[in-house]
Participant: 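Please find one structure pasted underneath; my questions will follow.
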Amino acid sequence: MIDPKVIREKPEVVTEALRKRGAAFDIKQVLDLDEKRRSLIQESEKKKSEKNELSNEIAKLRKSGADASDKIEHLRTLGKSIETLEQELRVVEKEWDDAVLVIPNIPHSSVPEGSGEEDNQVVKVWGEKPVFDFEPQAHWDIGEKLDILDFKRAAKITGSRFILYKSFGALLERALINFMLDLHTREHGYTEVLPPFMVNREAMTGTGQLPKFEEELFKLDGLDYFLIPTAEVPVTNIHNNEILKEDDLPIKYVAYTPCFRKEAGAHGKDTRGLTRLHQFNKVELVKFALPENSYDELESLLLDAEDVLKKLNVHYRVSALSTGDLGFSSSKTYDIEVWLPGQNIYREISSCSNFDSFQARRAKIRYRKGSGKVDLVHTLNGSGLAIGRTVMAIMENYQTQDGAIVVPEALRPYVHGMTKFPS
RNA sequence: GGAGGGAUGGCUGAGCGGCCGAAAGCGGCGGUCUUGAAAACCGUUGGGCGUGCAAGCGCCCCGUGGGUUCGAAUCCUACUCCCUCCGCCA
C-alpha cells in the first residue's frame, strides 16, 4: 500500500507513477472516499467525545446518589446516532480499503521508464557464452535421454507442468538447495529459516499477492489457507505486526521452499522443460532494512544472488526492469537472466526487489528509531536462486558432446564428489 | 478426535460494570551521586487514527468478531491461538 497521505496530498505524483507503469487508475474515486471517510470520522468522534463526558457525569451523579435518568435518556439517543455513523463509516472504509489495496507501488526514481519488458535495461553482464563444437541440446532432451527428468510420469501422477526428478536429477536439485543455503548463511550472513508452505489470507495481503492476484494462487478447500507462490510471503510476514529494534536491522533471512503457482496467464507458454511449473523449488533471500539505506541493500542482495552463478561459473546478465514491467508491490527490481545455450536465450533465474514501505505498511512491520519514534521498515527480497532453472542452466551450459553433464566444481562436494554424470 | 485451563503494555503480573490505556515489579531511556562503573535515589517509558505549522486536543485499541448495558479489560456469545491430560500418529 502506498502512503494514504501521499495519495491525499500529492495525487498528481501517484497518477504520474501509475501512468509510468501503464496502469490507468481513477484517483478521484479514492480521494472522494478518503474525504468521506475523514468527515465521518470527525463527526462520530465528536459525538463519542460528548458521550464520554456524559457518561462520566452519570457516574458521578450515581456515586452521590442523585438522579441521572434524563442524562441516561440523552445518552441513549446519542448512542443510537453514533451507531448509525459508525455503520456508514464501516461501509466507506471498506470501499476505500478495497480501492487502495489494488493500487500498485510507486516506482523508484532510478527505475527506467518504459512500457514493458522491451524497455528493461541491461546493467551488468558476467562471463560469456560458452562455445560448443557441437549443437547444444535443450535440457528437456538431455534430461530425457539421461532419464533424470521425467515429465511424462509427472503428468500421469498429477498433470501438466509438473516434474519428476530421478537419480542424478533429484540429486542435483537437492545439491543446489544445500549449496545455496550454505553460501548465503556462511558467506553472506543470512539466517536460515524453514517456514510453513501454506499461509493465511492476512499474510498474502501483507505482501501484496492478495486481494489482486487470487487467481494465481492455489487455495485449500474449506480453509482460508493458500499454498505459497514464493517464500517471500511467509518469510516477510515473520515480522508482521511487530516493532523491530533499529540495532537489529538489517535482518536477513534465507529460506528454501517449494513454490506453487497456477500460471493462469501462461497457457501455451514455456510448456516444455523446467521453465514454468506449477511447483518448483526456490531459495529465497529476504531483508528488512532501514529506509535510508534500502536501495544500497538491494544492490548487495543482488550481489548475493549473483554470487551463486559466479560460483557455478555460468554466464548471465542483469536487467533493471522498466516501469512497465515492474511487479505490483515492487518499487525497483533487478532480474538476473541466465544464459541457456540449448535454447539460445537468456532466462530469468532471479528477481531482486525493493518494496520500499509498500509491504511494511500493509503488514505493519515497523522499527523504533533511536529518537524513540516508530517508522515503517523497507522490505526486500530476491531469489537466490530458483532451483529448477539453475538445474536447467547447469544441464545446458555443462553438457558434453556425448550427452553427459559435467558437475560445476563448486557443486562437487554436494554430489558426493562426482565430476560428471553419467560417470 | 475427547476433557479441562488460559490469552492484559518490551517481559512478569494485578484489575469491584463507572477518570483503567490500565496497579506493581522487571527491563529500557534520561538525570543525581561517582575518577569511571555498580548500587541507591529521582524522573520518564505502548500503538493506531483524526485535527493542527507546532505545542496540543480528541477518538480507538486489554487475542478477534458479535451481543447485553446509559456505560465493558471486567458480563454473555462465536471464532482463533496457546498450555495440560487422554487417544491417534511421522
Side-chain angles (χ1 to χ4, degrees), chain A residues 1-10 30-101 194-206 210 220 222-226 234 237-249 251 258 288 357-377:
Chain A
M1 192 162 108
I2 59 182
D3 190 345
K5 284 202 183 76
V6 173
I7 302 178
R8 188 184 309 151
E9 286 157 21
K10 297 175 182 166
V30 177
L31 286 172
D32 286 349
L33 285 168
D34 189 45
E35 191 68 39
K36 233 180 180 174
R37 184 182 133 256
R38 285 184 297 148
S39 83
L40 281 170
I41 286 172
Q42 285 172 44
E43 208 179 329
S44 81
E45 285 188 355
K46 211 172 135 198
K47 294 204 173 184
K48 282 185 195 166
S49 177
E50 251 180 84
K51 173 185 134 177
N52 290 340
E53 210 170 309
L54 252 180
S55 203
N56 284 335
E57 284 171 29
I58 291 170
K60 274 180 201 147
L61 286 176
R62 273 290 176 88
K63 227 172 227 170
S64 65
D67 176 65
S69 49
D70 55 329
K71 285 194 193 291
I72 287 175
E73 197 44 50
H74 184 184
L75 241 189
R76 206 192 298 265
T77 54
L78 191 58
K80 289 265 187 332
S81 74
I82 288 172
E83 205 169 309
T84 311
L85 281 171
E86 292 270 87
Q87 261 168 22
E88 256 180 90
L89 179 60
R90 240 173 286 155
V91 171
V92 172
E93 226 149 35
K94 172 83 167 61
E95 284 175 41
W96 178 80
D97 224 46
D98 289 347
V100 166
L101 281 176
L194 182 57
F197 302 161
M198 299 175 203
V199 299
N200 58 32
R201 185 171 288 273
E202 192 187 345
M204 281 290 187
T205 306
L210 289 178
L220 290 235
L223 269 173
D224 213 20
Y225 293 170
F226 301 82
N237 278 290
I238 287 174
H239 294 300
N240 74 14
N241 285 302
E242 289 186 17
I243 297 174
L244 304 168
K245 293 192 193 110
E246 180 167 15
D247 290 347
D248 291 341
L249 299 175
I251 294 172
F288 301 84
S357 56
F358 188 85
Q359 294 181 326
R361 186 170 291 106
R362 289 173 163 243
K364 299 182 182 67
I365 310 170
R366 295 154 296 171
Y367 75 103
R368 194 180 299 281
K369 298 190 210 184
S371 64
K373 285 258 178 283
V374 169
D375 197 8
L376 295 167
V377 302

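Per chain, numbering begins at 1; letters A, B, ... match sequence-line order. Not measured: the values here are computed from a predicted model.
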Participant: Inspect the surroundings of CD in Glu242(A) and state if more than 12 heavy atoms from other residues, nucleotides or ligands are less than 6.0 Å away.
Facilitator: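 Yes.
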
Participant: Between A72(B) and G18(B), how far apart are the two P atoms, rounded to whole Å?
Facilitator: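 Their P atoms lie roughly 11 Å apart.
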
Participant: What heavy-atom pair brings His239(A) and Ile365(A) nearest, and what distance separates the two atoms?
Facilitator: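 Closest heavy-atom pair between His239(A) and Ile365(A): O-CG1, 3.5 Å.
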
Participant: Is it true that Glu43(A) and Lys46(A) make a salt bridge, defined as a side-chain N closer than 4.0 Å to a carboxylate O?
Facilitator: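 No, this pair does not count.
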
Participant: Could you tell me whether Phe197(A) atom CZ has more than 12 heavy atoms of other residues or ligands within 6.0 Å of it?
Facilitator: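 Yes, enclosed.
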
Participant: Nearest whole angstrom, please: distance from the C1' of G46(B) to the NZ of Lys373(A).
Facilitator: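 Rounded to the whole Å, the gap is 13 Å.
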
Participant: Suppose you measure atom P in C81(B) against the same atom in G71(B); what distance do you get, rounded to whole Å?
Facilitator: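 To the nearest whole Å, 32 Å.
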
Participant: Is any side-chain heavy atom of Val92(A) closer than 4.5 Å to a side-chain heavy atom of Leu40(A)?
Facilitator: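 Result yes, sub-4.5 Å side-chain heavy-atom pair found.
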
Participant: CG of Leu40(A) versus P of C49(B): gap in Å, rounded?
Facilitator: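 Going from Leu40(A) (CG) to C49(B) (P), I get 18 Å.
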
Participant: Quantified in whole Å, what is the C1' atom distance between nucleotide C62(B) and nucleotide U12(B)?
Facilitator: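 One C1' to the other, the span is 16 Å.
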
Participant: Less than 4.0 angstrom between a side-chain N/O of Arg366(A) and OP1 or OP2 of G47(B), yes or no?
Facilitator: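 So the side-chain polar atoms of Arg366(A) never come under 4.0 Å of the phosphate oxygens OP1 or OP2 of G47(B).
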
Participant: For the side chain of Arg62(A) and the base of G18(B), is some donor closer than 3.5 Å to an acceptor across the two?
Facilitator: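 Indeed, a donor on one side and an acceptor on the other fall under 3.5 Å apart.
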
Participant: Mind running salt bridge (charged side-chain N to carboxylate O under 4.0 Å, His left out) on Asp34(A) and Arg38(A) for me, showing each step along the way?
Facilitator: CA-CA 6 Å; Asp34(A) 189 45; Arg38(A) 285 184 297 148; 3.5 Å; yes

Participant: In this structure, which one of Ile243(A), Asp375(A), Val377(A) forms a side-chain contact (heavy atoms from CB on, under 4.5 Å) with Arg366(A)?
Facilitator: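 It is Ile243(A), the one option of Ile243(A), Asp375(A), Val377(A) that forms the side-chain contact (heavy atoms from CB on, under 4.5 Å) with Arg366(A).
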
Participant: So, are Asp97(A) and Lys94(A) salt-bridged, with charged N and O less than 4.0 Å apart?
Facilitator: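 Judged by the 4.0 Å cut-off on N to carboxylate O distance, Asp97(A) and Lys94(A) do not form a salt bridge.
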
Participant: Scan residues 43-51 of chain A against RNA chain B and write down, sorted by residue number, each residue with any heavy atom closer than 4.0 Å; if none is found, say none.
Facilitator: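 Of all residues in residues 43-51 of chain A, the ones placing a heavy atom under 4.0 Å from RNA chain B are Glu45(A), Lys48(A), Ser49(A).
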
Participant: Among C49(B), C19(B), G18(B), which nucleotide sits nearest the side chain of Lys60(A)?
Facilitator: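 Among C49(B), C19(B), G18(B), the one nearest the side chain of Lys60(A) is C19(B).
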
Participant: Output, in order, the C-alpha distance, side-chain angles, deciding distance and verdict of salt bridge (charged side-chain N to carboxylate O under 4.0 Å, His left out) for Lys47(A) and Glu86(A).
Facilitator: CA-CA 11 Å; Lys47(A) 294 204 173 184; Glu86(A) 292 270 87; over 6 Å; no

Participant: How far, in whole Å, is G13(B) from C88(B) if one measures between their C1' atoms?
Facilitator: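 Each nucleotide's C1' atom is 37 Å from the other's.
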
Participant: Taking it one step at a time, do Lys369(A) and Glu246(A) satisfy salt bridge (charged side-chain N to carboxylate O under 4.0 Å, His left out)?
Facilitator: CA-CA 6 Å; Lys369(A) 298 190 210 184; Glu246(A) 180 167 15; over 6 Å; no

Participant: Could you check how far NZ of Lys245(A) sits from C1' of G46(B), rounded to whole Å?
Facilitator: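 Lys245(A) atom NZ is separated from G46(B) atom C1' by 15 Å.
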
Participant: When you match Tyr225(A) and Arg368(A) each to their closest nucleotide on RNA chain B, which lands nearer the 5' end?
Facilitator: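 Whichever sits nearer the 5' end wins; that is Arg368(A).
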
Participant: Roughly how far apart, to the nearest Å, are G15(B) and G21(B) at atom C1'?
Facilitator: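 That atom pair is separated by 13 Å.
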
Participant: Under 4.0 Å from any atom of RNA chain B, heavy atoms only: list the residues of residues 71-91 of chain A that qualify, in numerical order.
Facilitator: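 When residues 71-91 of chain A is checked for heavy atoms under 4.0 Å from RNA chain B, the hits, listed by number, are Ile72(A), Leu75(A), Arg76(A).
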
Participant: Take atom P in C49(B) and the same atom in G67(B), then report the distance between them in whole Å.
Facilitator: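 Between the two P atoms, the distance is 25 Å.
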
Participant: Taking the same atom, C1', in G48(B) and in G9(B), what whole-Å distance lies between them?
Facilitator: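 So the two C1' atoms sit 14 Å from each other.
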
Participant: Any chance you could lay out the salt bridge (charged side-chain N to carboxylate O under 4.0 Å, His left out) test for Glu73(A) and Arg76(A), step after step, and finish with the verdict?
Facilitator: CA-CA 5 Å; Glu73(A) 197 44 50; Arg76(A) 206 192 298 265; 3.4 Å; yes

Participant: Nearest whole angstrom, please: distance from the P of G52(B) to the CZ of Arg8(A).
Facilitator: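 One finds 10 Å between P of G52(B) and CZ of Arg8(A), rounded.
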
Participant: Closer than 4.0 Å, any side-chain N/O of Arg37(A) to the OP1 or OP2 of G50(B)?
Facilitator: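 Yes.
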
Participant: Wobble G-U and Watson-Crick pairs count when both distances are under 3.5 Å; given that, what is the 5' to 3' dot-bracket string of RNA chain B, with | for pairing to other strands?
Facilitator: ((((((((.[[[..)..(.....]]]((((((.......))))))((((((....)))))).[[[[[..)....]]]]])))))))....

Participant: What distance, rounded to whole Å, do you find between the two C1' atoms, one in G10(B) and one in G52(B)?
Facilitator: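 G10(B) and G52(B) have their C1' atoms separated by 31 Å.
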
Participant: Just the rounded figure in Å: distance from P of G48(B) to CG of Asn240(A).
Facilitator: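 Roughly 15 Å, once rounded to whole Å.
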
Participant: For the pair made of CD in Glu246(A) and P in G28(B), what is the distance, rounded to whole Å?
Facilitator: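 Glu246(A) atom CD is separated from G28(B) atom P by 18 Å.
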
Participant: In whole angstrom, what separates Asn52(A)'s CG from C59(B)'s C1'?
Facilitator: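 Taking atom C1' of C59(B) as the reference, CG of Asn52(A) is at 8 Å.
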
Participant: Looking at G18(B), G47(B), G50(B), which one has an atom nearest to any side-chain atom of Ser55(A)?
Facilitator: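 Minimum distance to the Ser55(A) side chain belongs to G18(B).
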
Participant: Specify the closest pair of heavy atoms between Leu85(A) and Ser44(A), including all atoms of both residues, with the distance to one decimal.
Facilitator: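 Answer, listing the atom of Leu85(A) first, then Ser44(A): CD1-CA, 3.8 Å.
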
Participant: Measure CD/Glu9(A) against P/G52(B) and give the value in whole Å, please.
Facilitator: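 Going from CD in Glu9(A) over to P in G52(B) covers 10 Å.
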
Participant: Considering residues, nucleotides and ligands other than Glu53(A), do more than 12 of their heavy atoms fall under 6.0 Å from its CD?
Facilitator: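 Atom CD in Glu53(A) is not crowded, with 12 or fewer foreign heavy atoms closer than 6.0 Å.
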
